[in-house]
Amino acid sequence: MRKVEGLKVEGRRLKPLGLTKRRSSSTSHLSPSRGGRGRTCIFYVFFLLFSLSSFAQKQHTKMNDKQIVIYQLLPRLFGNKNTTNTPYGTIEQNGSGKFNDITDKALDGIKELHVNYVWYTGALAHASLTDYSAYGIKVDDADVVKGRAGSPYAIRDYYDVDPDLAVDVKNRMKEFEALVKRTHAKNLKVLIDFVPNHVARSYHSYAKPKNVIDFGAEDDVTKAFSARNDYYYNPGQPFAAPTSGTKQTPISVLQDGKFDENPAKATGNNVFSAQPKYDDWYETIKLNYGVDYQNSEKQYFDPIPPVWLKMRDILTYWTNKGVDGFRCDMAEMVPIAFWNWVIPQVKKVNPDLIFLGEAYNPKVYKQYLDEGKFDYLYDKVGLYDGLKKLIRNEPTADVAAIKQVWQVESAGFGKHMLRFLENHDEERIASPGFAGKAELALPAMVVSATLGAGAVMLYFGQEVGEPGKGMEGFGGDDNRTTIFDYWGVPNHQKWMNHGAFDGKQLAENEQKLRAYYQQLLKVTSTSDAVINGEIYEVPIAGNMNNRMYAFIRYSGKQRLLVVANFDRTQTLTANIEIPDQILKVKHSAPVTDLLTDRKLNIPAGTSIPVTLAPVSAQVIEF
């Protein structure tokens, strides 16, 4: 979900909600009778046994010893061939991609990039202004929907998929299941979003199993907070929709400034007033994990809050659909104690699941990995932010930021960090607001893919220089590809080539860019030095400045010298000395630039001469 800068809870910066307050003496009045708790335990033991039995009947793809490479795509945008791109256009005007558009050819094209996980963003049913009342789905209110297509992070039904993505709306779940099956048949794994912190204001599950109770259905709405409630309330105060001021859009005619919610519920970004602001997550409702934010953040985790149980069941439901992992939205806004409890529970259903957390506070990364049980966390605030400055050639850019990441910030757990240069929240590299040219990021991509053994991610269109241009609608002209609107993605559409997925409409420079990504990920995804090796920072040599960086990745099977030159004008010239302890780990190999497969005609020895043009990189095997 798009991050809100300086997000606060009642005037305080968000802090992790850990395990130290798991039990609270003030929860005794909330405990159910022993008999009730016993029946609950019996039910959930049966539920887990049933889930395990169901899983045993399913086949899940297995990963070999490879670096995880994730390809993020929004099905709504990925398969859309429509090029109309009318701002705030309807689905009829601008079109929408479908699950069925992600064909075998499309998956083959994704696999060319040496991807092994596909993150299908926005697969779940979320609030939207498109009318599906003919299929029993209530029309959403424009006052609490962002854009016509709506935010994929305002989930309307956790047990359903987005009807926009179905050719036959009545059979939308079957179309999703077929996509999962196609993906697995290509030996790719499936990631979807898990949005635990909030749901759409219009949340109601039409597709839930019979035994499932909806969020809020049993809440005591007379209490601002109760550990047994799913939501937070403003008793006696109706919800008041935010206003956009004088801004008028084509959607304004659908808005009357009203939304029937009484009492008002707290808003997703921890706003506890009855009227959120326009730049709040006003389209969402905050879920209650047993934390009383307005009373010193007291925690009530025993007995287990109802939201915990509901979310465990939701994760299990999608795991049994064949989903191989979950990208967990705004993971730090949910107590660590919940993650500590839920991730092991769901992994009993499929031990090979991965949980990837969206995280922005380096001070608690280790805590979310150790206590929270996450497999991977975003490396946004550290590596991404440092690399972005270098790509943009900002005055304060310095390769010291790269050193800070692996030697300090994620020292000892770098293999659990997800590295990326684009995702749905961030600016497109080729956009005017970022770099203006996709090739300027290639040294950064080399560093991202080789610095650690953790996961690497591409965002669809990144590999062909998608610039994110245009005033799409709610997304605005913000250097990003909109997630709120029906839209076509021009450079990606050229690669898609009307469903051929052969790239024949791409310009020569765009084809070369994609080939570079393809070669880089071919090298890193199977590199023993990257996956299993150690790292050594090369001391400053030759004319290296603070825009140039080199390091060695080495294992008993492979040695790689990685050199990145971010300088816009100066060629890097240096003689890189190789320490004896690295030379001794294996016999020498022919010195080869792996990004070009070019033998460098350098004799085996204790040093490697390097001449590297501005804004370029090398991965040299030796």
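The analysis underlying the following values was restricted to heavy atoms, covering all of them including side chains, and did not include hydrogens, waters or symmetry mates. In this chain, residues are counted from 1 in sequence order.
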For the atom pair [atom1] ([X]) and [atom2] ([Y]), what is the distance rounded to the nearest 0.5 Å?
{"X": "Q72", "Y": "T121", "atom1": "CD", "atom2": "OG1", "value": "3.5 Å"}
{"X": "L521", "Y": "S525", "atom1": "CG", "atom2": "OG", "value": "6.5 Å"}
{"X": "Y360", "Y": "Y365", "atom1": "OH", "atom2": "OH", "value": "9.0 Å"}
{"X": "I578", "Y": "I552", "atom1": "CD1", "atom2": "CD1", "value": "4.0 Å"}
{"X": "Y536", "Y": "L561", "atom1": "OH", "atom2": "CG", "value": "10.5 Å"}
{"X": "T481", "Y": "F78", "atom1": "OG1", "atom2": "CZ", "value": "13.0 Å"}

Other residues, nucleotides and ligands only: do more than 12 of their heavy atoms fall within 6.0 Å of [atom1] on [X]?
{"X": "K208", "atom1": "NZ", "answer": "yes"}
{"X": "K389", "atom1": "NZ", "answer": "no"}
{"X": "K105", "atom1": "NZ", "answer": "no"}
{"X": "K347", "atom1": "NZ", "answer": "yes"}
{"X": "K366", "atom1": "NZ", "answer": "no"}

(request) Would you please classify the geometry between the F194 ring and the Y158 ring as parallel, tilted or perpendicular, with 30° and 60° separating the classes? (result) tilted

(message) Once you measure the plane-to-plane angle for W308 and W341, does it fall in the parallel (<30°), tilted (30-60°) or perpendicular (>60°) bin?
(response) tilted

In the structure I gave you, are the side-chain heavy atoms of [X] and [Y] within less than 4.5 Å of one another anywhere?
{"X": "Y549", "Y": "P443", "result": "no"}
{"X": "M548", "Y": "N565", "result": "yes"}
{"X": "V464", "Y": "K494", "result": "no"}
{"X": "H492", "Y": "L73", "result": "no"}
{"X": "D375", "Y": "L356", "result": "no"}
{"X": "K111", "Y": "N187", "result": "yes"}
{"X": "F420", "Y": "Q462", "result": "no"}

(message) Tell me if the aromatic rings of F501 and W495 count as close, with their centers under 6.0 Å from one another.
(response) yes

(request) Determine whether the aromatic ring centres of F176 and W318 lie less than 6.0 Å apart. (result) yes

(message) Set out, in order, the CA-CA distance, both residues' side-chain angles and the distance that settles side-chain contact (heavy atoms from CB on, under 4.5 Å) for H424 and W119, then state yes or no.
(response) CA-CA 11 Å; H424 67 278; W119 168 13; 4.0 Å; yes

(message) Whether K174 and D168 form a salt bridge (side-chain N of Lys/Arg under 4.0 Å from carboxylate O of Asp/Glu) is what I want to check.
(response) no

(message) Any salt bridge linking E439 with K512? Criterion: basic side-chain nitrogen under 4.0 Å from a carboxylate oxygen.
(response) no

(request) Using the side-chain contact (heavy atoms from CB on, under 4.5 Å) rule, take E409 and D379 through it: C-alpha gap first, then chi angles, then the decisive distance, then the call. (result) CA-CA 10 Å; E409 193 174 278; D379 197 346; 3.9 Å; yes

Can you give me the closest heavy-atom contact between [X] and [Y], atom names plus distance?
{"X": "I68", "Y": "N116", "value": "CA-OD1, 3.4 Å"}
{"X": "L594", "Y": "Q558", "value": "CD1-NE2, 4.4 Å"}
{"X": "G122", "Y": "D162", "value": "O-CB, 3.9 Å"}

Modelled atom types, side-chain donor and acceptor of [X] and [Y], under 3.5 Å:
{"X": "N340", "Y": "E371", "answer": "no"}
{"X": "Y486", "Y": "D164", "answer": "yes"}
{"X": "D324", "Y": "Y117", "answer": "no"}
{"X": "Y459", "Y": "E426", "answer": "no"}
{"X": "S555", "Y": "D528", "answer": "yes"}

(message) Test ring-ring contact (aromatic ring centres under 6.0 Å, His included) on Y159 and Y317; report intermediate values, then the result.
(response) CA-CA 8 Å; Y159 288 95; Y317 175 84; 4.9 Å; yes

(request) Check whether NZ of the Lys or CZ of the Arg R327 lies under 6.0 Å from the centre of the six-membered ring of F374 and within 45 degrees of that ring's axis. (result) no

(message) When you measure from the centre of the six-membered ring of F434, is the NZ or CZ of K388 closer than 6.0 Å and no more than 45° off the axis?
(response)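 Because its charged atom sits under 6.0 Å from the ring centre and within 45° of the axis, K388 does stack over F434.
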
(message) Has Q67 got a side-chain atom pairing as donor or acceptor with V456's backbone, closer than 3.5 angstrom?
(response) no

(message) With a 3.5 Å distance limit and no angle check, can you tell me whether D157 reaches the backbone of A207 through a side-chain donor-acceptor pair?
(response)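 Judged by distance alone, yes, a pair lies under 3.5 Å.
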
(request) Please assess R514 against E112 for the test salt bridge (charged side-chain N to carboxylate O under 4.0 Å, His left out), listing each intermediate value before the final yes or no. (result) CA-CA 10 Å; R514 193 173 195 275; E112 288 174 356; 2.9 Å; yes

(request) Evaluate the criterion side-chain contact (heavy atoms from CB on, under 4.5 Å) for residue pair F355 and L315; output intermediate values, then yes/no. (result) CA-CA 11 Å; F355 282 80; L315 287 166; 4.2 Å; yes

